[in-house]
Amino acid sequence: MLGQEACVHINSELHPTPYEASTFSFEFIWDMKKQGVPGAVIVKNYCDEEFFVNTITLDIVPGYGTIVFTAESWVYPDEIYDHLPRVFFSNQPYLPNQMPAPLVPYREEELRNLRGDDNPGPYKDHDRVYRYDVYNDLGEPDSGNPRPVLGGSDEHPYPRRCRTGRRRTNTDPDSESRNVGFPLTNHFYVPRDEVFNDRKKAYFDTNNLKLYIMQKYATFLLHADQQTPFEFDSFADVLSLYDEGSINLPGWLNTFLQPLLGIIPFKLLQQVLTPDSEFILKFPMPAVIREDKTAWQTDEEFAREMLAGTNPVVIRRLGETEFPPKSKLDTSKYHNQNSRITAAHVEKCLEVEGLTVEQVLADGRLFILDHHDHFMPYLLDANHQPDTFVYATRTLLFHRNDGTLQPAAIELSLPRFEAGSTLISSVGELVSHWLNTHAVMEPFAIATHRQLSVAHPIHKLLHPHYRDNLFINALGRQSLINAGGSSENTVFLGKYGLSMTSEVYRNWNFTEQALPEDLIKRGVAKRRSNGELELLIKDYPYAVDGLAIWSAIETWVRDYCAIYYADDAAVQGDAELQSWWKDVREEGHGDLKDHKWWPEMKTVAELVQSCATIIWIASALHAAVNFGQYMYAGYVPNRPSVSRRPMPKPGTDLYRELELHPEKEFLLTITKQDLSIAGIALVELLSSHSDDEVYLGQRDSPNWTSDLDAMNAFDRFRERLLEVEKNIVAKNDKGSGFKNRTGPVNIPYNLLFPYASGDAEANTGVTGKGIPNSASI
């Protein structure tokens with residue numbers, strides 16, 4: 001039943017800024033007695049260009065007051081849609097079998113359009129198609145720079161991405177053409193509603209400009225007065241990159257960059273360049289050296305960062321039967337790769353507390369950071385790349401009586417056990433950040449749009465946690481993880497890095513992404529007889545704060561789901577929900593579909609746990625492994641991304657040089673100067689909060705639902721998060737006794753500070769604080 005059409009005439013002289021919205025008033029003719037309560041609005045665009053519809057609000061509806069239709073969508077001219085209407089439902093959630101009958105055909109047709117199963121592409125900006133595809137757009141076979149297709153095979157399993165439908169390359173029919181133009185513009189399809197809004201795009205483009213300059217012209221920006229050209233001679237050289245030691249661009253480059261002023265708003269350019277337009281770029285001082293320029297070198301800080309740094313999700317406990325550590329690699333391919341660490345190696349650091357290896361293993365006080373088996377299969381190929389010499393690593397750590405960790409042994413291996421020593425720490429970016437948050441989340445976002453109506457309560461629950469995920473992932477495939485992209489140029493495994501993440505994904509388990517299950521799997525926590533979780537490292541900031549956040553998320557999801565699902569039968573009878581989960585398992589994560597660990601989605605408990613895990617991955621887990629990158633890795637010596645040469649052997653000339661000039665020789669081993677600058681610019685971009693961020697406990701629209709029970713449950717969620725914030729502030733106090741929360745470098749652990757009550761503009765940039773709702777950077 002349709003009401004009469006109402007027209008809105010847009011004033012052609014109205015030119016709002018990109019950040020402002022316009023409000024228009026109009027009247028509907030609607031017979032409440034005959035037609036009932038309005039449940040949807042049909043919008044047609046008779047203009048020449050698209051426009052964005054935020055919300056449509058009906059005031060003074062008899063018996064109902066106000067009815068809000070949340071659109072948040074671009075509407076293109078009517079003829080582009082072949083005159084099919086754009087339909088926006090009211091913000092009242094409905095399970096499929098509860099939808100008012102007149103609205104059911106519109107709900108079903110909308111989902112068919114979004115699935116687009118009859119539209120193979122290529123897609124245009126106005127298309128609203130969410131289909132799956134493999135990662136076949138990373139390489140450029142026609143230019144002689146191919147990469148393996150990730151996903152869709154036993155050899156390279158991977159999560160699926162959003163399909164673009166571009167043509168295949170001429171030389172490899174399995175690869176998709178990239179059609180990439182100027183790096184600061186995007187030449188790829190994602191549904192328009194997934195693209196950054198104008199405000200975030202301007203902020204991102206400004207920081208991307210700095211990254212582009214640093215990557216392309218770093219060689220020309222370097223100071224010419226070093227003893228060793230294009231190398232750092234000392235830590236003082238590295239420090240010259242920050243704040244007062246900013247980089248001056250030569251005049252010819254200044255001339256080249258002037259046209260870009262027309263692309264980037266000047267106010268935002270001021271964040272990168274000085275107001276006098278001299279194009280002087282600056283790096284802020286990384287937090288790890290802000291107060292003390294040498295504390296990062298201590299063993300205590302090295303170990304502490306495994307609990308509170310940028311990658312605190314890998315450390316695990318060694319069981320009593322696991323010493324020395326064992327390899328799971330095929331001995332017919334890689335020979336015996338078991339560890340050669342002995343009790344004598346470890347007991348040197350146990351002497352102070354009078355303990356033996358057997359005692360600390362029995363007490364659960366020996367831990368390991370183990371990257372050995374992930375790296376070893378790629379070392380022969382990786383070490384044939386220019387300026388690359390990488391080891392497979394194992395680091396053993398002892399949990400001391402004062403609650404801190406002490407490095408006990410570091411083992412570095414090469415194929416056939418050649419020996420050497422260096423430190424590598426880029427697995428956090430490729431695995432913990434890219435794969436385990438961004439890549440694994442995209443299939444959930446795609447499946448939600450394909451199978452769950454916007455009127456579905458689970459769509460309303462999860463949608464904020466997909467914000468900008470598809471678009472930032474597409475940008476990553478364009479210029480970060482692609483052949484010759486930023487990651488390949490600045491991360492140690494080079495072009496083999498993404499293949500390594502495919503091997504890691506082979507063992508990915510969705511249920512183990514829930515924080516309690518992850519901590520138990522890694523042996524850093526155990527269940528008590530009453531079901532409560534006990535941490536074996538009490539002062540483990542990521543785990544302590546994370547469990548508080550997890551509890552708040554789980555309680556919120558349980559309260560919310562209870563509103564709509566009275567029992568397990570309601571879950572089983574929800575056709576859209578079942579199609580959604582089938583899509584996630586069999587399509588989005590299709591390479592792992594046959595694993596038994598997948599929840600069957602037959603109970604309310606399975607629904608709650610699955611939704612809580614999705615929210616955790618997108619929000620808190622992503623914040624923990626992403627927003628601390630510049631704080632710690634912005635100072636390259638603390639977390640180098642590349643190793644270029646083996647450790648010299650005692651008695652050699654190189655070893656004597658190391659003894660005489662340790663700083664210089666260390667810097668000659670890790671990331672060289674130009675790639676360091678590019679890498680610093682990259683992690684600054686990745687670690688920055690935009691000024692339109694929506695944090696956990698916040699919604700970008702107060703009208704996300706009209707269900708008062710749901711809104712009250714969300715308010716309780718926000719209050720729990722505010723309590724978490726208070727507890728974090730108290731724990732970070734120097735008098736609290738928690739040594740690992742600040743450490744020798746005096747960085748309070750705020751990466752899991754929710755910022756639920758905060759203002760996004762006040763937290764812009766590299767702050768190391770706040771949990772955005774989604775993995776959007």
Side-chain angles (χ1 to χ4, degrees), residues 115 129-139 147-164 174-176 188-191 194 313 374 427-451 462 465-478 480-482 485 487 497-514 518 580-595 597-599 610-611 613-619 621-622 625-626 774-777:
R115 284 193 290 268
V129 174
Y130 294 82
R131 293 185 65 181
Y132 299 104
D133 210 339
V134 295
Y135 279 64
N136 60 356
D137 61 343
L138 300 177
R147 292 295 180 273
V149 174
L150 302 184
S153 68
D154 291 336
E155 183 181 5
H156 295 296
Y158 222 63
R160 299 298 188 264
R161 64 172 177 89
C162 189
R163 179 184 175 92
T164 66
D174 292 330
S175 294
E176 186 176 87
F188 50 83
Y189 167 81
V190 294
E194 306 298 326
V313 297
H374 290 159
V427 70
E429 170 56 30
L430 282 179
V431 175
S432 299
H433 180 214
W434 164 256
L435 173 66
N436 286 344
T437 62
H438 282 268
V440 301
M441 188 52 51
E442 187 161 354
F444 291 99
I446 297 171
T448 299
H449 286 289
R450 286 171 55 84
Q451 303 295 350
L462 297 178
H465 305 287
Y466 304 140
R467 183 181 191 240
D468 295 334
N469 175 255
L470 269 62
F471 187 67
I472 195 65
N473 285 6
L475 283 171
R477 295 195 307 273
Q478 178 186 2
L480 178 64
I481 62 172
N482 61 297
S487 178
L498 261 288
S499 295
M500 182 267 289
T501 68
S502 171
E503 286 302 309
V504 175
Y505 176 68
R506 188 184 301 278
N507 297 310
W508 184 80
N509 181 326
F510 173 70
T511 61
E512 292 174 352
Q513 306 311 302
D518 169 55
W580 168 66
W581 198 243
K582 186 175 187 291
D583 224 42
V584 166
R585 175 175 174 171
E586 297 185 4
E587 301 294 336
H589 285 283
D591 294 337
L592 306 180
K593 65 181 179 181
D594 295 326
H595 286 282
W597 45 254
W598 282 105
S610 297
C611 289
T613 301
I614 291 169
I615 294 172
W616 165 261
I617 294 171
S619 59
L621 178 59
H622 176 260
V625 299
N626 178 63
S774 60
S776 60
I777 189 65

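Please read these numbers as outputs of a predicted model, since none were measured by experiment.
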Worked verdict on Tyr158 versus Val149 for side-chain contact (heavy atoms from CB on, under 4.5 Å): CA-CA 9 Å; Tyr158 222 63; Val149 174; over 6 Å; no
Ring-ring centroid check Tyr466 Phe471, cutoff 6.0 Å: no
Is a side-chain donor or acceptor of [X] paired with a backbone partner of [Y] at a separation under 3.5 angstrom?
X	Y	answer
His622	Ile777	yes
Trp434	Leu498	no
Tyr189	Val129	yes
Ser619	Ser774	no
Ser776	Asp468	no
Glu586	Lys593	no
Asp518	Val313	no

What is the distance from atom [atom1] of [X] to atom [atom2] of [Y], rounded to the nearest 0.5 Å?
X	Y	atom1	atom2	value
Phe188	Thr164	CZ	OG1	10.0 Å
Ile446	Arg163	CD1	CZ	11.5 Å
Trp508	Trp597	CH2	CH2	5.0 Å
His374	Met500	NE2	CE	8.0 Å
Leu435	Leu430	CG	CG	9.0 Å
Ile472	Arg477	CD1	CZ	11.0 Å

Residues Ile481, Leu138; criterion side-chain contact (heavy atoms from CB on, under 4.5 Å); working and verdict: CA-CA 7 Å; Ile481 62 172; Leu138 300 177; 4.0 Å; yes
His589 and Tyr505 side chains, donor-acceptor separation under 3.5 Å: yes
By side chain to side chain donor-acceptor pair (under 3.5 Å) - contacts of Arg450 (at least two apart): Asp117, Asp583
Matching residue for Asp591 among Arg160, His156, Arg506 - test: side-chain hydrogen bond (donor to acceptor under 3.5 Å, both in side chains): Arg160
Could you tell me if the side chain of [Y] sits less than 4.5 Å from the side chain of [X], heavy atoms only?
X	Y	value
Leu480	Glu429	yes
Gln451	Arg115	yes
Glu194	His449	yes

Using every non-hydrogen atom in the two residues, find where [X] and [Y] come nearest and quote the distance to one decimal.
X	Y	value
Pro157	Ser502	O-OG, 2.9 Å
Tyr132	Pro443	OH-O, 3.8 Å
Thr511	Asn509	OG1-OD1, 2.6 Å
Ala514	Thr613	CB-OG1, 3.6 Å
Leu462	Ile615	CD2-CG1, 3.9 Å
Tyr135	Pro159	CE1-O, 3.3 Å

Candidate pair Tyr130 and Leu470, rule side-chain contact (heavy atoms from CB on, under 4.5 Å), full reasoning: CA-CA 10 Å; Tyr130 294 82; Leu470 269 62; 4.0 Å; yes
Ionic contact status for Glu176 with Arg161, cut-off 4.0 Å: yes
Whether Trp598 and Phe510 hold their rings parallel, tilted or perpendicular, with breakpoints at 30° and 60°: parallel
